[in-house]
Amino acid sequence: MTFTEELKATAQAMVAPGKGILAADESFGTANKRFQKLGIPQTVEMRRAYREMLFTAPGIGKFLSGAILFDETIRQSTEAGVPFPTVLAEAGIIPGIKLDAGAKPLAGAPDELVTEGLDGLRDRIAEYYGLGARFAKWRAVITIGNTIPSRHCIEANADALARYAALCQEGGLVPIVEPEVLMDGGHAIARSLAVHHQVLHAVFDRLYLYGIHLDRIVLKPSMVIAGVDCPQQASVEEVARATVQCLRDRVPASVPGCAFLSGGQSDELATAHLNAMNQQFKGQLPWTLTFSYGRALQQAAMQTWMGQEANVAAAQKVLLHRVQLNSAAALGEYNPERETAVSHA
Ligand code: 13P
């Protein structure tokens, strides 16, 4: 199989109906911050044990198409010595890798960020392919404020996303293209919609310029949502309508699917929003809409685990339940009454 066919097949599999992606690619800093909050020791071994808990949850492969790993994690193994990429592949979950090196202050654009990590990327991609990764992630961050985002910030981030995507497709990894518009701030949903339009326009413009094959990417967008500090919060239906309207206007039909980030939404809201989109627009969309959540899949499981071996099975149950609910939402079949039910997967 050439890369062309492999990339197409991988991209399709990543957004297969009823399946989503577990984002477990927190960098050292982010992983440690979450552990610290719960009083879990911030060590290599704890991060390894935590990821083993996630990846070996019984039955999880039924609802997950992929899992995104951090550099440290893709090189780690289960306690029994099985490399994580192998554990995932055996469960039917495609291993992916975070390729960006984080968002850093953008020179000349106060309060704005640009994602770094392009230097040496071709060689890193080759190494990760060898370690079993078949897709990758790069997250660009766009902040909404009174006078931002600037065109400078949007274009710089779109350019980096396109350069990353081109290198990925050359090296055999399906690029997840993730332009995250933050929900921090007091803006209304209409402003979020306008910024999402602008950002997605710039991103697809650059992807076109760089010759990216759109049938071999997965888009990871944020949802169109009012800022967390906005007194006027939109209803679940409004969020679903605005988000789908924006994606319809901006995302070409050849893209196989969009896998949303959760971005700080509560677990239940992230699920309800995804479900509303799939329910309201069933059969009307050219691409699949699914999840690629980090916090909204992991939060409850981490709080159950708390770094204790004795809690592994309970935490895995919590994770499985959350993943199962989101799988239902990806089909527009989520029932909020099942929130309190124990998993029957
Ligand atoms: P959240 O769902 O926690 O926003 O994380 C998803 C992700 O991968 C961010 O890059």
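In each ligand, atom 1 is the first atom listed, and ligand 1 is the first ligand listed.
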Exercise for the section: Only counting residues at least two apart or in another chain, list the ones meeting ring-ring contact (aromatic ring centres under 6.0 Å, His included) with Tyr164. Expected result: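 In terms of ring-ring contact (aromatic ring centres under 6.0 Å, His included), with neighbours along the sequence ignored, Tyr164 is linked to Trp138.
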In ligand 1, which numbered atoms sit nearer than 4.0 Å to a non-hydrogen atom of [X]?
{"X": "Ser262", "answer": "1 (P), 2 (O), 3 (O), 4 (O)"}
{"X": "Tyr293", "answer": "2 (O)"}
{"X": "Lys220", "answer": "6 (C), 7 (C), 8 (O)"}
{"X": "Gly263", "answer": "1 (P), 2 (O), 4 (O)"}
{"X": "Ser292", "answer": "6 (C)"}

Can you find a non-hydrogen atom of [X] under 4.0 Å from ligand 1?
{"X": "Lys98", "result": "no"}
{"X": "Ala270", "result": "no"}
{"X": "Gln298", "result": "no"}

Handout entry: Side-chain touch Trp305/Ile40, heavy atoms, less than 4.5 angstrom
Key =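 The answer is yes; the side chains approach within 4.5 Å.
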Handout entry: Side chain to side chain, Phe84 and Arg75, heavy atoms closer than 4.5 Å
Key =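 The answer is no, as the side chains (C-beta and beyond) never meet within the 4.5 Å cut-off.
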Problem - Polar proximity ligand 1 side, Gly264 side, N/O cut 3.5 Å exclusive - result: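 No - when backbone and side-chain N and O of Gly264 are compared with those of ligand 1, no distance drops under 3.5 Å.
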Practice task
Indicate yes or no: does Arg134 engage Glu6 in a salt bridge with an N to O separation below 4.0 Å.
Solution key: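 So Arg134 pairs with Glu6 through a salt bridge.
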Just by distance, with hydrogens left out, do [X] and [Y] show a side-chain donor and acceptor under 3.5 Å apart?
{"X": "Gln316", "Y": "Thr56", "result": "yes"}
{"X": "Ser235", "Y": "Glu238", "result": "yes"}
{"X": "Tyr334", "Y": "Glu339", "result": "yes"}

Handout entry: Set of salt bridge (charged side-chain N to carboxylate O under 4.0 Å, His left out) partners for Glu52, sequence neighbours left out
Key =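 Partners of Glu52 under the salt bridge (charged side-chain N to carboxylate O under 4.0 Å, His left out) test: Arg48.
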Problem - Backbone N/O of Arg216 and side chain of Gln169: donor-acceptor pair under 3.5 Å - result: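 The answer is yes, because a donor-acceptor pair under 3.5 Å joins these two groups.
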Exercise for the section: Provide, to 0.1 Å, the distance between atom 5 (O) of ligand 1 and the closest protein heavy atom, together with that atom's residue and name. Expected result: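 It is Gly294 N, 3.5 Å.
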Exercise for the section: Considering only non-hydrogen protein atoms, determine which one is nearest to atom 10 (O) of ligand 1 and report residue, atom name and distance to 0.1 Å. Expected result: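 Protein heavy atom with the smallest distance to atom 10 (O) of ligand 1: Lys137 NZ, 2.4 Å.
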Exercise for the section: Under 4.0 Å, heavy atoms only, figure out whether ligand 1 is touched by the backbone of Arg295, its side chain, both or neither. Expected result: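 Both backbone and side chain.
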Practice task
Of the side chain and backbone of Glu178, name the one, both, or neither that has a heavy atom under 4.0 Å from an atom of ligand 1.
Solution key: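 Just the side chain.
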